[in-house]
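Counting starts at 1 for both ligands and their atoms, in listed order.
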Amino acid sequence: MKILVVGTGAREHAICQAAIQDEETELYSIMSNQNPGIARISEFKIASENDIPTVTKFALEKKVDLAIIGPEAPLEKGIVNSLVKAGVDCVGPTMETAKIETDKAFMRDLFEGYKIGGSLVYKVFEDAQDAGDFIDDFGQDVVVKPIGLTGGKGVKIVGEQLKDNEEAKSYVKEVIDTKMGGYAGVVIEERAVGEEYTVQAFVDGKNIAPMPVVQDHPYAFEGDLGPITGGMGSYSDTDGLLPFLDEKYRDESVKIMEGTVKAINDEVGPYKGFLYGQFMLTKDGPKLIEYNARFGDPEAMNVLPLLQTNFVDICNGIVDGNLRGAEFDSYATVCKYIVPQGYPGKAVPNQIIKVDEEKIKENNTLVYYAAVNQKDNQIYTSSSRALALVSVGDTIDEAEGICEASTQFVDGDVYHRKDVGTSELIEKRIKHMQELLG
Ligand code: GLY
């Protein structure tokens with residue numbers, strides 16, 4: 001089967017690896033720069049994944065049977081609408097159904113309209129004064145969210161990026177005045193307190209097949225300090241749960257996602273693709289923080305190496321609407337991202353890094369390349385994350401030890417979080433939840 005993967009990063013490298021496990025796959029890719037991992041296993045074209053006419057033309061030229069869309073930005077622009085119109089089957093939501101990520105007001109209104117559990121107190125505003133009055137009356141810490149996509153940089157939380165509700169009110173004005181995320185509007189939400197986790201699922205419009213739960217580490221530095229990043233690493237456990245999250249809470253989270261998929265179907269049509277639920281376990285149970293209309297990055301790299309079911313069969317099930325579930329190996333995983341010094345925000349791009357893939361492989365670790373560019377047999381960094389290392393083990397602790405040891409085989413002006421997946425950090429999470437749940 002001819003499969004086109006759209007996107008450039010480690011998530012897309014992991015999707016490509018999963019697709020070629022089926023020996024019938026002929027792999028094509030569109031990426032904005034030369035990812036060495038994707039380049040060596042696909043026939044590729046260097047082009048922006050947001051250039052929809054070029055992607056559609058390439059898909060038709062190569063007569064691809066199926067396109068899999070990695071990132072959210074082309075989904076918002078209607079890449080699936082364009083490909084489907086041209087006769088190419090897609091794993092990825094249409095621009096209407098991707099609104100579950102690309103329009104945060106749509107998402108919260110859907111929860112309210114369809115009485116889906118796990119939502120938060122919220123209100124949508126187009127007027128900064130009205131929003132300010134609401135924040136004053138509400139009296140508790142709030143979260144300010146631009147309605148549209150902001151590349152992970154728009155959401156600000158009182159007590160984290162914002163000092164207090166007064167600062168939140170100034171930020172609301174900035175979001176509305178500058179039309180941040182493409183809308184002159186804002187969503188104000190209550191601040192949820194607890195531990196965050198990710199539930200990803202394959203979705204065929206009606207049925208969902210959940211994957212092992214993962215916890216990401218968004219803060220740049222050890223001890224959850226420093227600025228928010230795209231994700232510095234993540235772990236998953238042998239039973240598909242997390243050390244602080246039991247089956248009951250996982251099942252409740254999946255139920256929330258099932259309710260959402262049904263509501264999207266009733267409201268705008270069938271959602272087909274990968275769905276990423278960012279949850280927080282609070283003292284009142286799971287709360288939905290946000291959805292992404294795609295795989296997580298790094299979370300895709302935790303689950304895809306464990307997939308037992310043929311990934312291409314799953315993709316065909318998504319397209320045909322007869323998804324039959326997905327089985328995963330019962331191993332723990334730890335993923336550590338290697339990023340340029342200065343990331344996020346101040347990294348100097350175009351630095352050479354050396355990756356000893358042979359040694360990494362000998363140490364039972366997988367490599368997924370991210371925002372790097374291959375030129376003249378060298379690998380150059382950009383200002384974003386460089387590569388992810390993923391190890392699998394019988395325990396999280398074992399996977400962490402293997403993964404950490406593999407980091408020595410990457411040379412360059414880079415850093416990573418040594419504490420991702422360590423028992424000290426996981427104990428902290430368990431204790432935090434025990435305190436909250438009482
Ligand atoms: N792990 C964060 C994201 O995929 O957006």
Side-chain angles (χ1 to χ4, degrees), residues 5-15 18 49 68-76 91-93 98-104 107 143 145-146 148-157 160-161 181 192 195-203 210-221 224 226-236 242 245 253 257 273-281 288-305 333-339 343-344 368-371 384-390 416-417 420-421 425 429:
V5 174
V6 177
T8 313
R11 170 183 52 211
E12 288 76 23
H13 186 184
I15 292 171
E49 47 260 52
I68 305 174
I69 317 303
E72 67 278 16
L75 294 171
E76 184 191 35
V91 174
K99 275 168 68 183
I100 199 67
E101 171 174 4
T102 63
D103 181 340
K104 290 182 175 48
M107 187 274 271
V143 178
K145 293 184 172 179
L149 294 180
T150 54
K153 295 182 184 73
V155 175
K156 292 203 178 177
I157 303 168
E160 294 187 23
Q161 302 83 5
E195 281 294 329
E196 279 196 294
Y197 59 96
T198 304
V199 184
Q200 302 171 102
F202 300 108
V203 183
M211 308 184 208
V213 185
V214 182
Q215 189 177 41
D216 185 16
H217 295 70
Y219 293 93
F221 308 132
D224 298 324
I228 296 276
T229 70
M232 292 296 290
S234 45
Y235 65 91
S236 66
L242 291 172
L245 183 98
S253 311
M257 292 175 76
F274 316 119
L275 183 62
Y276 168 120
Q278 182 74 64
F279 288 90
M280 187 172 286
L281 183 57
L288 193 279
I289 302 298
E290 65 178 22
Y291 276 118
N292 291 321
R294 53 166 173 78
F295 258 121
D297 186 347
E299 292 95 328
M301 285 86 85
N302 294 90
V303 296
L304 285 173
T333 64
V334 170
C335 171
K336 299 200 185 207
Y337 247 119
I338 311 288
V339 304
Y343 170 79
Y368 296 106
Y369 286 100
S384 193
R385 296 174 292 179
L387 66 143
L389 298 177
V390 178
H416 70 281
R417 266 187 70 165
V420 172
L425 198 61
R429 310 278 193 244

Q: Consider side chain to side chain contact (heavy atoms under 4.5 Å, CB included). Of Glu12, Met301, Met211, which one does Phe295 pass it with?
A: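 Of the listed options, the one satisfying the test is Met211.
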
Q: Test your reading of the structure: does Glu299 have an N or O sitting under 3.5 Å from an N or O of ligand 1?
A: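 Yes, since at least one N or O of Glu299 sits under 3.5 Å from an N or O of ligand 1.
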
Q: Measure Asn292 to ligand 1 on non-hydrogen atoms and call it side chain, backbone, both or neither using the 4.0 Å cut-off.
A: side chain

Q: Can you sort out which atoms of ligand 1 are near Gly230, meaning under 4.0 Å from one of its heavy atoms?
A: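 Checking each atom against Gly230, I get 1 (N), 2 (C).
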
Q: Does either side chain, that of Asp297 or that of Tyr337, offer a donor lying less than 3.5 Å from an acceptor on the other one?
A: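 Yes, side-chain donor-acceptor contact under 3.5 Å.
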
Q: Contact between ligand 1 and Ser234 is defined here as a heavy atom of the residue under 4.0 Å from a ligand atom; is it met?
A: no

Q: Of all heavy-atom pairs between Ala18 and Leu304, which one has the smallest distance, and what is that distance?
A: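 Taking every non-hydrogen atom into account, CB-CD2, 4.2 Å.
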
Q: Let me confirm one number: the OG1-OH distance from Thr333 to Tyr235, rounded to the nearest 0.5 Å.
A: 10.5 Å

Q: State whether the side chain of Arg385 and the backbone N or O of Thr229 hold a donor-acceptor pair below 3.5 Å, judged by distance alone.
A: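 No, Arg385 side chain to Thr229 backbone: no donor-acceptor pair under 3.5 Å.
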
Q: For ligand 1, which atoms have a heavy atom of Asp216 less than 4.0 angstrom away?
A: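 Ligand 1 atoms under the 4.0 Å threshold to Asp216: 1 (N), 2 (C).
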
Q: Look at atom 2 (C) of ligand 1 and say which protein heavy atom is nearest, naming residue and atom and giving the distance to 0.1 Å.
A: Tyr276 OH, 3.4 Å

Q: With heavy-atom distances below 4.0 Å as the criterion, list the atoms of ligand 1 near Gly296.
A: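 Listed by number with element, the hits are 4 (O).
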
Q: Side chain of His217, backbone of Met232: donor and acceptor closer than 3.5 Å?
A: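 Checking the backbone N and O of Met232 against the side chain of His217, no donor-acceptor pair under 3.5 Å is found.
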
Q: Taking Arg417 for its side chain and Gly233 for its backbone only, find out whether a donor-acceptor pair lies under 3.5 Å.
A: no

Q: Mind checking whether Arg294 has a heavy atom under 4.0 Å from ligand 1?
A: yes

Q: Among the heavy atoms of Gly231, does any lie under 4.0 Å from an atom of ligand 1?
A: no

